[in-house]
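All residue numbers refer to positions in the sequence shown, counting from 1. What you see is a predicted model; the values in this text were computed from it and never measured. Computed over heavy atoms, backbone and side chain alike; hydrogens, waters and symmetry mates excluded.
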Amino acid sequence: LLGAKEMEANGKRERIVAPVPRYALQTRNVIRVSFVRQLASDRCRETPEPYPVSVLASSHMLLDKIEVNSDFTGLMSKFANGGTLLVPQAHLADAAGTLPRVVRLAATPGLPPAKAKSQPVAGNTAKVDGPYLAVDVTAEGVNEGVKPEQDRLFLAGAKDRPLLDVRGLNRVGIIEVHGSGDNIGAVYRTLGATPPSMEKPIQLSGGNLAIMGNNGLRTEVNTHDPSGQGAMKEAQPGLFERGYWWLMPLVILALFIG
């Protein structure tokens, strides 16, 4: 719930301002506005009276400039101006089998088809400038944060408690964000002998590591902020952002009187 307001229902125009926090943004966002009349209880014996409501054409959204972090949300903002899709050269020989999965993988972090540039890679690594998505290949200079060992996926955490420890992997894929600034990108790798069957794109948000299976997204982790404390601090607006600016004159007056 981004915001709510009790309406007067007197026929006059009313406004509600609902800031969207950064951690709630995804590749495709839908804002739903609902008008709900509280149901009257039987003891109050109230007669509910309906009234017409509508969203006016003056409703709008304002975009704010935020710092691009090394997560899926930051990668989505960089993909707004296009990016590079890195695929193995072998995919061209089996386009019917690999193209549907690559298309859904590209739609997962928000790589737009109209602005994307495809680049087949003959080896395992390729040099790329700007935002990118590498499928079963890696970009030069990328240090893998998660290294699978045979059928195990282990991601170390704090105080000897792992963030991830999964065994018996098959039909599992992992996508991880690397880099920062203009050279941010994501690397997808298949864990196991068979890649997962992606029936549709997956919704990603504020993490930088996602594991997907045949049934879609299995888990999403932000390795830079596993506890989510950073997102909670960001979600708490200040006094002026909450509309409490009128407290400042009262404080100045109280200090003057004191």
Side-chain angles (χ1 to χ4, degrees), residues 1-69 71-82 103-104 106-116 198-207 210 212 215-220 222 225 228-253:
L1 181 64
L2 299 178
K5 180 180 180 181
E6 184 178 359
M7 305 182 67
E8 298 294 336
N10 53 8
K12 296 183 179 180
R13 180 173 57 185
E14 299 185 54
R15 172 174 293 180
I16 177 173
V17 179
V20 182
R22 184 177 186 272
Y23 65 86
L25 295 177
Q26 297 182 349
T27 311
R28 294 170 298 276
N29 303 276
V30 178
I31 296 181
R32 182 168 58 92
V33 180
S34 300
F35 298 96
V36 181
R37 181 181 178 92
Q38 186 176 2
L39 298 179
S41 62
D42 183 68
R43 294 182 180 180
C44 293
R45 302 293 181 182
E46 296 180 358
T47 303
E49 298 179 0
Y51 53 87
V53 292
S54 63
V55 179
L56 300 182
S58 58
S59 302
H60 60 279
M61 294 183 61
L62 298 178
L63 301 181
D64 193 6
K65 293 184 179 180
I66 59 175
E67 182 181 357
V68 177
N69 295 335
D71 52 20
F72 293 118
T73 305
L75 182 61
M76 295 170 194
S77 63
K78 286 296 182 181
F79 277 160
N81 297 323
V103 169
R104 297 184 182 103
T108 294
L111 181 60
K115 299 181 180 180
M198 296 187 61
E199 300 297 334
K200 59 182 180 179
I202 297 175
Q203 291 280 2
L204 300 176
S205 55
M212 56 193 70
N215 297 327
L217 182 65
R218 307 303 300 173
T219 183
E220 182 179 354
N222 189 337
D225 184 24
Q229 295 298 323
M232 292 300 296
K233 293 180 180 179
E234 181 183 350
Q236 295 177 357
L239 294 179
F240 291 97
E241 295 177 354
R242 296 178 182 177
Y244 294 158
W245 56 268
W246 51 269
L247 290 176
M248 184 60 66
L250 297 181
V251 172
I252 296 176
L253 180 60

Check your understanding: What closest approach, in Å, do Leu217 and Ala210 show between heavy atoms, and which atom pair accounts for it?
Key ->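 It is CD1-CB, 3.8 Å.
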
Exercise for review: Over all heavy atoms of both residues, which pair between Pro112 and Phe79 is shortest? Give the atoms and the distance, please.
Suggested key: CD-O, 3.1 Å

Review point. What distance do Asn29 atom CG and Gln203 atom CD have between them, rounded to the nearest 0.5 Å?
Key: 7.5 Å

Review point. How long is the span from the OG1 atom in Thr73 to the CG atom in Leu204, to the nearest 0.5 Å?
Key: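 One gets 9.0 Å once the value is rounded to the nearest 0.5 Å.
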
**Study point:** Minimum side-chain heavy-atom gap Arg104-Ile202 below 4.5 Å
**Key:**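 SC-SC contact between Arg104 and Ile202 ruled out.
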
Check your understanding: Just wondering, do Met212 and Thr219 contact through their side chains at under 4.5 Å, heavy atoms?
Key ->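 No; the side chains remain at least 4.5 Å from each other.
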
Practice item. Please check if atom CG in Leu250 has more than 12 non-hydrogen atoms from other residues, nucleotides or ligands closer than 6.0 Å. Key: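 Counting other residues, nucleotides and ligands, CG of Leu250 exceeds 12 neighbours.
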
Review point. Within a radius of less than 6.0 Å around NZ of Lys200, do more than 12 heavy atoms belonging to other residues, nucleotides or ligands occur?
Key: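 No, the 6.0 Å shell around NZ holds no more than 12 heavy atoms from other groups.
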
Counterpart residues, side-chain contact (heavy atoms from CB on, under 4.5 Å), relative to [X] (two or more places apart):
X      : answer
Val55  : Val33, Phe35, Ser59
Val20  : Leu2, Leu25
Ala116 : Leu111

Point to revise | side chain to side chain donor-acceptor pair (under 3.5 Å) partners of Ser34, counting only residues at least two apart | key: Arg32

Side-chain donor-acceptor contacts of residues 9-19 below 3.5 Å, not counting sequence neighbours, with atom names and distances?
residue : atom : partner : partner atom : Å
Asn10   : OD1  : Lys12   : N            : 3.1
Glu14   : OE2  : Glu8    : N            : 2.9

